[in-house]
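Structure, as structure tokens:
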Number of protein chains: 6
Amino acid sequence: MYHHIKKLMYTVKVGSPDPQFGNMLLEQFGGANGELAAAMQYSIQGLNCDDPDRKDMLMDIGTEELSHLEIVGTLARMHLKPMKKNRDSAEADPLIAIAGGGGVGLFNSMGDAWTADYLKITGELDVDLRSDIAAEARAKIVYERLINFCDDPGTKDALQFLMTREITHMKAFTAALESLGKDRFSIGNIPPTPGLVDEYFNDSTGVGDQRESDARGPWNEGGKWKIVESPELDQGIEGRSGKTVAKNDKPVSEETGKIRVKKSA
Amino acid sequence: MYHHIKKLMYTVKVGSPDPQFGNMLLEQFGGANGELAAAMQYSIQGLNCDDPDRKDMLMDIGTEELSHLEIVGTLARMHLKPMKKNRDSAEADPLIAIAGGGGVGLFNSMGDAWTADYLKITGELDVDLRSDIAAEARAKIVYERLINFCDDPGTKDALQFLMTREITHMKAFTAALESLGKDRFSIGNIPPTPGLVDEYFNDSTGVGDQRESDARGPWNEGGKWKIVESPELDQGIEGRSGKTVAKNDKPVSEETGKIRVKKSA
Amino acid sequence: MYHHIKKLMYTVKVGSPDPQFGNMLLEQFGGANGELAAAMQYSIQGLNCDDPDRKDMLMDIGTEELSHLEIVGTLARMHLKPMKKNRDSAEADPLIAIAGGGGVGLFNSMGDAWTADYLKITGELDVDLRSDIAAEARAKIVYERLINFCDDPGTKDALQFLMTREITHMKAFTAALESLGKDRFSIGNIPPTPGLVDEYFNDSTGVGDQRESDARGPWNEGGKWKIVESPELDQGIEGRSGKTVAKNDKPVSEETGKIRVKKSA
Amino acid sequence: MYHHIKKLMYTVKVGSPDPQFGNMLLEQFGGANGELAAAMQYSIQGLNCDDPDRKDMLMDIGTEELSHLEIVGTLARMHLKPMKKNRDSAEADPLIAIAGGGGVGLFNSMGDAWTADYLKITGELDVDLRSDIAAEARAKIVYERLINFCDDPGTKDALQFLMTREITHMKAFTAALESLGKDRFSIGNIPPTPGLVDEYFNDSTGVGDQRESDARGPWNEGGKWKIVESPELDQGIEGRSGKTVAKNDKPVSEETGKIRVKKSA
Amino acid sequence: MYHHIKKLMYTVKVGSPDPQFGNMLLEQFGGANGELAAAMQYSIQGLNCDDPDRKDMLMDIGTEELSHLEIVGTLARMHLKPMKKNRDSAEADPLIAIAGGGGVGLFNSMGDAWTADYLKITGELDVDLRSDIAAEARAKIVYERLINFCDDPGTKDALQFLMTREITHMKAFTAALESLGKDRFSIGNIPPTPGLVDEYFNDSTGVGDQRESDARGPWNEGGKWKIVESPELDQGIEGRSGKTVAKNDKPVSEETGKIRVKKSA
Amino acid sequence: MYHHIKKLMYTVKVGSPDPQFGNMLLEQFGGANGELAAAMQYSIQGLNCDDPDRKDMLMDIGTEELSHLEIVGTLARMHLKPMKKNRDSAEADPLIAIAGGGGVGLFNSMGDAWTADYLKITGELDVDLRSDIAAEARAKIVYERLINFCDDPGTKDALQFLMTREITHMKAFTAALESLGKDRFSIGNIPPTPGLVDEYFNDSTGVGDQRESDARGPWNEGGKWKIVESPELDQGIEGRSGKTVAKNDKPVSEETGKIRVKKSA
């Protein structure tokens, strides 16, 4: 159950409305990394969650994001309000001006309607927490960019509050993930194929004498890493094609990519 | 520049086509966590990336995902092919049957057209890598679910190959992120507000005698964490509203949520 | 500010899970006339609203709809849960099964992601209230259809609760609209053109001897109504084209539809 | 069957093309409340309608809206035409300029492609008529805003014609709804639960001493209304949870929201 | 201006309703290659067209497609009607059943809302005619597939009528394109670069000994064709990079893809 | 399998970044007729294709389009880069600036996310080739418009390269279609109804004395063409309604459009 309190979580003061900036603010209202996306992602993950403790955390944070949605929507509305009467302002966001009368709607800065396609919900708790950590990192950088393009002190204050809370949530999600005590590359129950899992395919290479000059780093050397050079060009990875045959030992069909070559009539 | 080699990265064998399963496979072809999403997310992050080493990695992996797209598309097509002639099969995915003639298209299992709204690209390398780690975790669990619903050995082999590679990529992205040497809660350049960043808001609570019984864990206790109980209900967070005043010391407008209350006529 | 209480607004009991019905229930979770659509439409109208009393009502009802979203999501999840392990169940909604692990997501019964395109928000209070009355009528009929296709008593109980509340809200919105004291065909400030506003254009007619046999009712006869017969076919409505000429008395261009006719080479 | 007559329903004169205004006009061509939305909503409701008289009305008005689509498209095209050759003009709507060569397409002012998600069609006549009344109210206010941002007299004339017709249609739909003779809060066949239907939940409240100060109006007091104060916070609505038990008297599962609370490891 | 006549262009008879087939029929009602797509594509191309003769043709055919939309919608509705009362039928298309009450909506067979993204409108007449020829070919093959999955004679009759008309339109569009008298590879005004335009890049090749075995046909040999073997792998196409230098003879930036290679720390 | 080479297919030089033009360039990156649409349409048609020779061609060209995507993305990024730091530039595309940090994403010039709804894939080779010819014609004209709005010589060079290749592909697709040796109006296997296929319906006419003055051309006269004048208005096409009756000689329902007419109560 939800209850609404008629007070913003952070008091919003706008010195001088800036409709172009109000338009930009919509990224955090109805945009891909905005507050509705955060609120819905965490709350619905919470609804699906069977772990009561982390479900509680998902609901805590999901609910806080609803309060943030209200703050950023109020901020945007204050900046966009001149659109109602002023045609120059209206050009900054004709959808808000003409269809919305200057009021906010669930759109991003380019007028795209919010869509649940933005959300990442898998019903697997540790996977969802990884998606949430990434979501908070994205939200943080978006608030930082807004602050950098803003010169109204009151607006910056509110954005600093909201930006800070994203880091708070990022910390909480990280702690919750780690408290599950799983190996960090163990997802689900079926283990990856040993050996194959440590092969790094060098699928993007230089030309000519740059052929061998690709970057090396801890993502492809050291530990168990084994680099496989341009498997497409050189040898293919034929040996990897598995040993299982179909029930009747004769597959209905097999596609190896060895396409018949003939001269077209 | 791209080059295509007429050979699948993993040879595909299908013993007995299963159109319903072919429909499910489309999740990894044109779905939210599928191979096109992976290929595009990493390749475009790579295109935007100014760090040549990690750009190389993003292009390596982005390109491998294109080869995966081809594998999973071929698998799906082999399972869906009976749709072309058989009405019962066609009912498993009428869009593929009627509009596609049994051939695959960039749709998920419910016929939703692939959309770039699935992608997470911010132009901030460490943020993008977090999104990529989460994306690989999601892709892994989806392949596991497909394997669990499949009983064709050849298909399972190919899915095991693809699933394994997601873990490979998850490891590479994690190593690349860590090699950047940044504090893991430091995103961008503007620091969060000290103090506020360590407050955990308890925004979801029990009723009556359950009021005080919320879950505790490393995500809200220990270290610097300070729990703020139900800020909405009890005291609000008035003191947090910032000290900056607008240029002329009189904000154009201020919204505190203290709504005037009167009896409606 | 929002607060969440860890208790459903209506206790949900499911005797026997029915995944196909769980899929249908998603219409009221992530569908066009569902609870998220209601919650967002009213809450954002409330955020934009300058009339404090009706704003309060919009927030009351918008918040209640969030609690409904939680109920219907919990119901759907209980019916969909068998999908996680059972392939036959999974076929009822492969997106929920494969991508969601049996958990709910913001989709309708056909897997379409929720979109803010479902919302009707104009920033004009009386117009918004008309949209809200219509929205509640739609939600009511959808719940009724779900009840008719359901045979689990516990589920029916919860749906009856939710359905009843839609009528409650429909009554509240209607009273709020009427309390504004406006003429019910007066929208905005610019009056419609007298005379023209009372003309009913008969744009759909029978053929041959049915030409004159169109339906008559209070929507085109009585009061001030004047029927204009097939304006397209008979005389056009040339005289209506307005008297204002452009500033320089010579319009840059004028399109009358009188297309030049010549024999093509 | 449809027939097209090569003459606009209202002659269109444009004194001086204004590409920015042409862009705004697209709201009524391919936008959410525009003429295609109106034409499709009424015509398809008509196609589904079993009541021959009101079906006739839906087809009359749906057809008139097609003629309006042609008018507003012609107007927009005249204002957008300079885009074809002039780069400054093109910046007002690069999609129209680059992809459309200055010609109109089914987009709104922010380039969003028209979608049937805008439509409200339920197959229940009285519900559909409520959606139509609301749709006409929205269209009217959008035309008014366009008129307010326009200073070309010929364009204003045409917009006044179109705006007036929306009121005409609103009157017709209202008369048609009332002529059905149904109680205005009776939707479908299943009655709402008595008592519960008259309870107004006060789900949005002030803080502290404002707790009791919510707005009162005919939407929550008078008649049968009974206000239920903050059901979430105070007592829940336990008693409302229904009496039906599942067939075997032991529900498979029950979710009350009373979440088990324990200290996380 | 449009006029509607209350008679279908082709009388529709349905012997036995088949809801699953009704669902499939929606591909031609609200699907990507369906009748609304055709009606809108041609009519809006017509609205934008400055050539009065071909504009007339676009309006003739666009209007006929509206009449087809009505036929296919009526057919679909007759097949879908059992959904209103019968749960088994409802499972064939829960969106139509639950949200639409068994009436049709602008969706395809998988419930995707119709979108103007399906349309191809460029404002360049000869280009548009090519898009129209392709659109008719697609619509024809979709009708053929529907006929093949249908066993109701009356329905097949109507589909044969509609399928035939697509060929009629394909012929008309082809004749109109050819009557323009343009070279068939001449689009717009800027000529392609001589030489380069005749090079066929062999970007997809076999592996190992299959390297030289690609297909040859009139699309890459004969006439002026010159095959360029795997430009990516072998020599790049450096010489093609253009000779123009930026104004100040020093481009602000240049991207050659020659990425600096160093060992990552 | 795909391989990526770290070199652009065409070296890109930008003299002076022009963010507004960078925004326009996105039409060819993530727009409806852009390079990703081309790459995906041809490559997936190729994946579905059973004709090995033309499959080879589809893969050749599909792969080349991926290389074009990389070129146009690099170009756009160079023009958009000032957005990262400069607010004025940011206003040219706030989505790229705020959410993308100045990096490109799969959006068009109006911020619409790329969608597979842009693609035309039917699994019928000759039909697909027609769609491809049209797609290349559209891409050509879009590049021409971009060239016309660009004044940076290096950018124009690269666009001329890309534009030229579209004509190359258009020629290849045309040759491939013709080499199939099919009658050009023969699609699929079911023949159209003789006679009916040659009737041109004059569904759009003038008013009054213009009634008979419609355009004539090779699309409706000459050869076998027979013009049917306004079938809707004059005689209907009753005789065409097919002779087949339903199995039991009594159709369940029949819709002729002859709507019962009575006076509404």
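Letters A, B, ... are given to chains in the order of the sequence lines, protein chains preceding strands, and every chain is numbered from 1.
Considering only heavy-atom pairs separated by less than 4.5 Å from chain E, the leading option among D:G100, D:A116, D:G123 is D:A116. With respect to chain D, the highest number of heavy-atom pairs below 4.5 Å among E:M59, E:H68, E:K84 belongs to E:M59. Contact count against chain E (heavy-atom pairs under 4.5 Å) is highest for D:A99 among D:A99, D:G105, D:C49, D:G101. Between chain D and the options E:L69, E:I71, E:T122, heavy-atom pairs under 4.5 Å are most frequent for E:T122.
Remark: the backbone N or O of E:E136 is not paired with any side-chain donor or acceptor of E:E166 at under 3.5 angstrom. Not one N or O on the side chain of E:E65 forms a donor-acceptor pair closer than 3.5 Å with the backbone of E:A38. With E:S89 contributing its side chain and E:K85 its backbone, the two residues share no donor-acceptor pair below 3.5 Å.
Interface remark: D:Y118 contributes no atoms to any contact with chain E (heavy atom separation under 4.5 Å). Residue D:L119 touches chain E through its side chain alone, counting heavy-atom pairs closer than 4.5 Å. For D:I96, no part lies under 4.5 angstrom from a heavy atom of chain E. Proximity to chain E is limited to the side chain of D:I44, based on heavy atoms less than 4.5 angstrom apart.
A pairwise comparison of heavy atoms in D:G102 and D:M83 identifies CA-CB, 4.3 Å as the closest pair.
Donor-acceptor pairing under 3.5 Å is lacking for the side chains of D:T63 and E:H3.
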Criterion side chain to side chain contact (heavy atoms under 4.5 Å, CB included) on D:M40 and E:W114, from CA distance to verdict: CA-CA 11 Å; D:M40 288 297 123; E:W114 191 90; over 6 Å; no
